[in-house]
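Note that this is a predicted model, so its numbers are computed, not measured. Proteins come first, then strands; the chains are lettered A, B, ... in the order of their sequence lines, and each starts at number 1.
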Amino acid sequence: MSAVIASRYPAEYESIAPSLPGQNQPWLQQLRSEALQAFSATGFPSPREEEWRYTNVSGIEKKLFSVPASQVASDVSADLLKAYQLPDAWSVVLVNGRFSAELSALSGLPDGVSVLSLADALVGANVGAKNFSPLLETHLGRAVNNAEHGFVAFNTAWFSDGLFVHVPPKQVLAKPIQLLHIVTQADALAITRNIIIVDESAQASVVETFVGTDNAYLTAAVTEVFVGQNADLTLYKMQSESEKAYHFGGIYIKQERDARFTHHNFAFGGLLARSDIHADLDHASECVLNGLYLGVKRQHIDNHTRINHLKPYGISRETYKGVLDDKARGVFQGRVIVAEDAQKTDSQMNNRNLLLSVDAEVDTKPQLEIYADDVKCGHGVTVGQLDDKSVFYLQSRCIDEETARNMLTFAFANEMVDKISIKSLHDNVLEQVLARFPQQGVDKEWL
Amino acid sequence: MLSIKNLHVSVGDKPILKGINLEIKAGEIHAIMGPNGSGKSTLSHVLSGKSGYTVTEGSVTYQGKDLIEMAPDIRAREGVFLAFQYPVEIPGVSNVYLLKAALNAIRKHHGEPEVDAMDFLTLVKEKVRLLEMDEKFLYRAVNEGFSGGEKKRNEILQMAILEPKLCILDETDSGLDIDALKIVSEGVNSLRSPERSFVMVTHYQRLLDYIKPDFVHVLAHGQIVKSGGPELALELEEKGYSWLEEQVAA
Ligand SMILES: Nc1ncnc2c1ncn2[C@@H]1O[C@H](COP(=O)(O)OP(=O)(O)OP(=O)(O)O)[C@@H](O)[C@H]1O
Ligand SMILES: [Mg+2]
């Protein structure tokens with residue numbers, strides 16, 4: 001019997017391994033080698049796996065993307081930066097998977113707050129007297145492990161850089177932190193790992209922005225998030241990858257007692273894009289997951305959420321909305337698990353979809369797994385079209401049919417955009433949504 | 001302004017309007033009354049271009065043009081306005097947003113530049129005062145969570161701002177309390193002009209006390225069975241419709 005090769009990528013690993021950060025960290029070398037082994041055995045997830053049944057990523061194996069030799073900051077156009085870099089944020093810019101100090105904006109961080117590239121944190125260079133190793137060793141790979149699926153193992157073995165954030169206890173950040181992830185090279189592998197640690201009673205917002213020039217490439221990002229006791233973190237994800245790109249983004253959150261975590265997931269780009277958002281809740285933790293996915297042409301956008309209520313009194317609220325046009329396909333899989341111990345859990349999940357064409361498709365699968373008996377859990381799902389009565393009403397008010405449809409679709413989507421509390425990000429997302437659903441003769445300020 | 005000739009309309013296979021004839025000149029006010037289900041809303045919808053109705057016979061000419069051929073939004077830009085019997089709620093689209101889009105669509109249609117932001121707000125606020133509404137309504141989603149009466153008032157607010165030429169009011173008075181009826185009627189009266197015509201569908205003489213029609217028509221079983229002056233409405237109030245319906249049946 002000949003051995004089946006699960007993936008073509010491990011054969012390339014040896015040649016790129018020396019360029020990956022953390023060579024001097026035995027614990028990481030160990031983690032990477034285990035990850036390589038795990039990935040070599042499984043490859044990327046297959047539709048045979050229950051949680052991947054609607055999403056086929058085999059195209060990644062056909063293409064064989066490769067790690068870019070070096071990042072070139074000059075490849076990044078001023079327009080692209082202007083469009084996506086938030087002016088009022090500390091930002092870490094990664095170009096083709098590696099940190100660009102030149103493009104990043106990190107001055108004026110409060111004492112004790114660390115925002116830097118993961119590679120720098122691993123090396124310990126340029127960061128004063130600080131040694132991040134102990135913190136990294138106890139966090140990297142602790143919110144998710146290689147057994148999760150092939151993308152996580154792949155990411156652990158291959159990651160070339162990422163964002164590292166540490167907010168000390170009680171620190172309230174005045175400005176958001178942005179991770180701007182840019183891919184400019186065709187056929188690139190951009191594999192990044194992000195670690196966000198928000199200590200007890202601290203408060204922060206972090207924005208992950210994924211963009212790329214008009215090329216095929218693969219982004220595979222894993223973000224591990226640790227929200228300490230009574231801390232508050234709002235995390236945004238703006239996924240506007242190239243329409244030829246593959247995107248995997250996994251966000252794995254560990255919430256301690258009374259911790260609050262809010263996620264806003266805007267999935268607009270990519271040829272095939274998958275997000276995993278998995279949160280583990282402790283006693284009385286609160287978790288809010290919001291999402292908006294907009295698919296056109298042949299885009300495939302999959303969002304997979306898992307809310308794990310492990311202890312009593314947890315609260316979770318989930319609202320995902322999707323608009324699918326042309327031959328686009330959306331997938332929403334929302335799992336809520338309430339452990340036996342998690343009495344008094346209060347959980348609501350909602351997924352609403354608008355199909356704008358007969359060829360558009362959505363698979364929605366909410367799953368409640370409840371092992372406790374005294375809980376309040378609910379979920380709702382809708383899939384529908386625009387209401388003809390509303391379209392006619394707008395037409396009778398002089399609005400042409402196309403604009404009327406765009407207005408109604410925009411209004412549906414805008415409920416999620418409205419929830420963004422960072423002004424510059426709000427305006428940026430609003431522009432993108434308006435570009436999809438153009439309307440004439442109106443003032444944005446009244447949206 | 002509007003000439004309806006032998007208009008027959010069906011929904012599916014079901015004939016609803018069966019030969020309507022109506023001439024409306026500029027500046028006139030026509031009231032249309034008639035029992036439930038007689039076809040009043042159907043006529044209003046057909047005039048404003050709602051889909052789902054088939055014109056099987058006859059014609060409608062508006063300002064010399066074939067109205068039936070026009071898309072609903074073009075009719076609206078040409079000055080046809082329907083105040084709905086049941087206004088639709090549009091979550092997520094604010095009143096002020098819709099009003100501006102509508103006003104600019106009309107201007108564009110006539111080759112005029114977009115309305116100036118300040119002028120627009122001045123105009124809108126003036127009309128809000130005219131209808132004694134709270135300015136907060138402007139920034140709320142169109143009709144969402146409005147009471148029945150508020151929705152009707154909002155329809156007239158839109159009409160006052162868009163300044164149409166042919167105003168069709170489908171039971172705008174139903175569901176209004178007496179104070180609101182007075183305010184709405186004053187709003188409508190303030191829009192009366194030699195260039196503007198009104199078609200008012202109503203069940204109640206009460207409205208016609210405030211807005212005096214030039215003509216009253218009775219629609220029954222899809223036909224106009226009687227036309228007259230304002231005194232006809234009083235007669236109907238007294239006698240009901242049955243004596244007229246019997247005439248059709250006979
Ligand atoms: N879409 C439709 N499908 C089937 N029948 C319809 C449809 N629309 C209207 N009708 C029928 O056409 C007839 C006229 O309805 P219409 O709403 O025009 O009456 P109306 O005079 O406005 O009544 P009301 O005074 O109750 O408002 C009714 O019998 C109604 O049931
Ligand atoms: Mg009616």
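- Taken to the nearest 0.5 Å, the NZ atom of A:Lys389 stands 11.5 Å off from the OH atom of B:Tyr86.
- Heavy atoms only, all atoms of each residue included: B:Ala105 and A:Cys398 are closest at CB-O, 3.3 Å.
- Just one of B:Val93, B:Val142, B:Ile90 meets the side-chain contact (heavy atoms from CB on, under 4.5 Å) condition when paired with A:Ser390; it is B:Ile90.
- Remark: A:Glu243 CD is loosely packed, at most 12 non-hydrogen atoms of other residues, nucleotides or ligands lying under 6.0 Å away.
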Exercise answer: donor-acceptor pairs, residues 157-169 of chain B side-chain atoms, under 3.5 Å, sequence neighbours excluded:
from, atom 1, to, atom 2, distance (Å)
B:Gln158, OE1, A:Arg397, NE, 2.3
B:Gln158, NE2, A:Tyr393, OH, 3.2

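- Counting only residues at least two apart or in different chains, ring-ring contact (aromatic ring centres under 6.0 Å, His included) contacts with residues 145-171 of chain B comprise B:Phe137-B:Phe146.
- Taking a 6.0 Å sphere around CD of A:Gln367, one finds it holds more than 12 heavy atoms contributed by other residues, nucleotides or ligands.
- Counting only heavy atoms from C-beta outward, the side chains of A:Asp400 and B:Arg77 approach each other to under 4.5 Å.
- Remark: B:Arg75 CZ to A:Gln395 CD distance equals 10.0 Å, nearest 0.5 Å.
- The minimum heavy-atom distance linking B:Ala76 with A:Ser396 is given by the pair CB-O, 3.4 Å.
- Annotation for A:Ile399 and B:Ala101: closest pair CD1-CB, 3.6 Å, computed over non-hydrogen atoms.
- More than 12 non-hydrogen atoms from other residues, nucleotides or ligands lie less than 6.0 angstrom from NZ of A:Lys365.
- Counting non-hydrogen atoms of neighbouring residues, nucleotides and ligands closer than 6.0 angstrom, the NZ atom of A:Lys327 reaches no more than 12 such neighbours.
- The closest side-chain heavy-atom distance from B:Pro72 to A:Phe392 is below 4.5 Å.
- Atom CD of A:Glu402 sits in a sparse spot, with 12 or fewer heavy atoms from other residues, nucleotides or ligands closer than 6.0 Å.
- If you measure heavy-atom distances from B:Glu78 to chain A, you find no contacts under 4.5 Å at all.
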